[in-house]
Number of protein chains: 2
Amino acid sequence: MSAIKSSQTIGQATSSGSDKDAEHSKANQATIAYRLLKQDIINGAYQPGDKLLMSHLKSHYEIGAGPMREALSQLVADRLVTAISQRGFRVAEMSEEELTDIYDARAHLEALITGLAVERGDEDWEADILGEAHKLSRVNEVNSPEEMLQVWDSRHKSFHRAIVSGCGSPKLLEMRASLLDQAERYRQLWLKQTVFSQLALEEKRQEHTELVDALLNRDKEKAKALMYAHILSPIAIIKGLLPTQSR
Amino acid sequence: MSAIKSSQTIGQATSSGSDKDAEHSKANQATIAYRLLKQDIINGAYQPGDKLLMSHLKSHYEIGAGPMREALSQLVADRLVTAISQRGFRVAEMSEEELTDIYDARAHLEALITGLAVERGDEDWEADILGEAHKLSRVNEVNSPEEMLQVWDSRHKSFHRAIVSGCGSPKLLEMRASLLDQAERYRQLWLKQTVFSQLALEEKRQEHTELVDALLNRDKEKAKALMYAHILSPIAIIKGLLPTQSR
DNA sequence: ACCTCTAAAAATGTAGATATTTTTGAATAA
DNA sequence: TTATTCAAAAATATCTACATTTTTAGAGGT
């Protein structure tokens, strides 16, 4: 079992903003554990393939076995955890095949959604994209490198969210969100390389400019092509960073 | 609460063929309950909006509250059940908006996948499609109308599965399967109308023939367009059959 | 009609019992 | 010596029964 220096332990959970819960997110134990564990897996507190011991999880998240199982089986549905009956749970492995598959699927799906957004987006959609693009281009006045990573990632995500939100299909956006979650561990590898390289950042800035241009000109095919390439571009970098699986 | 005449109760579960479980599906209680309840919801044993009482579920599926919760929260992830913290679970509502959204998303996704399959499918893929198309066209020697519905649906699904399986992307196929599950309650309404109408069946047969033709000719754009239309066509019929929501 | 209170119902959580798998180590065979 | 088998022990996962908390619904009062 690898080193674990995960997030905080909770008393009754800070009521964060809106989340995936249907109504007001008055979370129960299972939901709390689900969120924490998901974050811990994405942030690498547990490594791919690590066994998730019930006894450890129970004490670490200060929770009973019932709700903990509930959280774990949610993460199985999210493909971040694998389960074998009677033998417990492990963190899902990462592999080059999965990386390729996820990014291929994401690129096609995001291009599809982008195309729909170009067809269906209204003026608010245009305005939102411009606003987010502007905020993303102005990620400078920050203190620590840590904060830089945080802020750039957050605004980059918002930028993409603004684009796809015009597609008008909640279901397609759900699918997209699911793939994004599955990609998150791979993305983290790429982020650290990209955000701290002026060259890489400049390249991304260029791609974003072209993309915004195509979107506002309602050039559907060009926007789709640019988006497709934009999503796929990190693959090469990530392949080089992928932890060699030896377990 | 509506009438319930669900499936059988289980001793230790018949070890069915391969399922979504990673390894050999030696199911635990939660998994068993998940499968049964999912079937019961899809087959209409519980109506949209019905409250799913813990006490009832426990006795009906002969299971404890813990595993039952686990099954329920899986179904929440599948969007077949909704949950409100401290207030329990209900069968997800059906609506015209959701119908439209699901079918729109399915049509776009299935067209996307079909396009990829045309590009990536090999000879086995072609052969498989031909085989399944043939089996589907020969749904005649059956006894009861009930069996007719069963057999036609099953072969129709196999036909589509054969087509999309050529796309080479497990993740896209997962997304597709998820949407198909969500569409299932709506599809059931359509099925009963279609399978027992010679006219409707003939129409479908025609669409399938054209589709197979485009696929084997590797005419990507035509195949995508046909698939898109094929998926969307049931919408009009289903809208007329949708239960009026009065709860 | 509109509160307030209270008892019943229901959801959620905990702890301990049970069943399964994995490990350990001694005995046996190569 | 080294490998293999087997059985008991330990570790672990899973389930059930019970306890706690929260919501609901109705009675009574204003």
Side-chain angles (χ1 to χ4, degrees), chain A residues 1-2 4 9-13 15 19 21-37 46 49-77 81-92 247, chain B residues 1-2 4 9-13 15 19 21-37 46 49-77 81-92 247:
Chain A
M1 172 73 61
S2 58
I4 289 155
T9 303
I10 29 71
Q12 201 42 244
S15 61
D19 233 324
D21 263 356
E23 308 294 310
H24 34 70
S25 55
K26 196 190 294 173
N28 54 21
Q29 303 276 76
T31 310
I32 295 167
Y34 167 77
R35 290 182 190 149
L36 291 176
L37 181 52
Y46 304 92
D50 273 3
K51 187 140 208 314
L52 293 166
L53 262 309
M54 214 56 193
S55 52
H56 170 260
L57 296 172
K58 273 169 57 179
S59 65
H60 186 74
Y61 298 106
E62 290 178 315
I63 203 184
M68 195 67 238
R69 283 186 63 78
E70 212 178 308
L72 282 163
S73 56
Q74 298 271 148
L75 288 165
V76 171
V81 166
T82 57
I84 303 181
S85 190
Q86 312 291 0
R87 284 186 231 179
F89 300 84
R90 331 188 131 254
V91 179
R247 200 169 306 277
Chain B
M1 174 72 61
S2 59
I4 289 154
T9 303
I10 28 68
Q12 200 42 243
S15 62
D19 234 322
D21 264 356
E23 308 294 310
H24 35 69
S25 54
K26 197 190 292 173
N28 56 20
Q29 302 280 74
T31 309
I32 295 167
Y34 168 77
R35 289 182 189 149
L36 291 176
L37 181 51
Y46 303 94
D50 273 4
K51 185 137 210 308
L52 293 165
L53 262 309
M54 213 56 191
S55 51
H56 169 261
L57 297 172
K58 273 169 55 178
S59 63
H60 186 72
Y61 297 106
E62 290 177 315
I63 204 184
M68 196 67 238
R69 283 185 65 77
E70 211 178 307
L72 282 163
S73 56
Q74 299 270 149
L75 288 166
V76 171
V81 165
T82 57
I84 304 181
S85 190
Q86 313 289 5
R87 282 185 230 181
F89 300 84
R90 331 189 130 253
V91 178
R247 202 168 305 276

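Order of the sequence lines sets the chain letters (A, B, ...), proteins ahead of strands, with each chain counted from 1.
Of all heavy-atom pairs between A:Leu52 and A:Arg90, the closest is CD1-C, 3.9 Å. For the pair A:Tyr34 and A:Ala71, the tightest heavy-atom approach, listed with the atom from each and the gap, is N-CB, 3.6 Å. Among all heavy-atom pairs drawn from B:Val76 and B:Thr82, the shortest one is CG2-C, 4.3 Å.
The aromatic rings of A:Tyr61 and A:Tyr46 sit tilted, their planes meeting at an angle between 30° and 60°.
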Q: Check the pair B:Leu72 / B:Met54 against side-chain contact (heavy atoms from CB on, under 4.5 Å), numbers first and verdict last.
A: CA-CA 10 Å; B:Leu72 282 163; B:Met54 213 56 191; 4.0 Å; yes
Using a cutoff of under 3.5 Å, can you pull out all pairs of nitrogen or oxygen atoms linking the protein to nucleotides 9-15 of chain D, with atom names and distances?
| residue | atom | partner | partner atom | Å |
| --- | --- | --- | --- | --- |
| D:dA13 | OP1 | A:Lys51 | NZ | 2.9 |
| D:dA13 | OP2 | A:Met54 | N | 2.9 |
| D:dT14 | OP1 | A:Gln86 | N | 2.7 |
| D:dT14 | OP2 | A:Arg69 | NH1 | 2.3 |
| D:dT14 | O5' | A:Arg69 | NH1 | 3.1 |
| D:dC15 | OP1 | B:Gln29 | N | 2.6 |

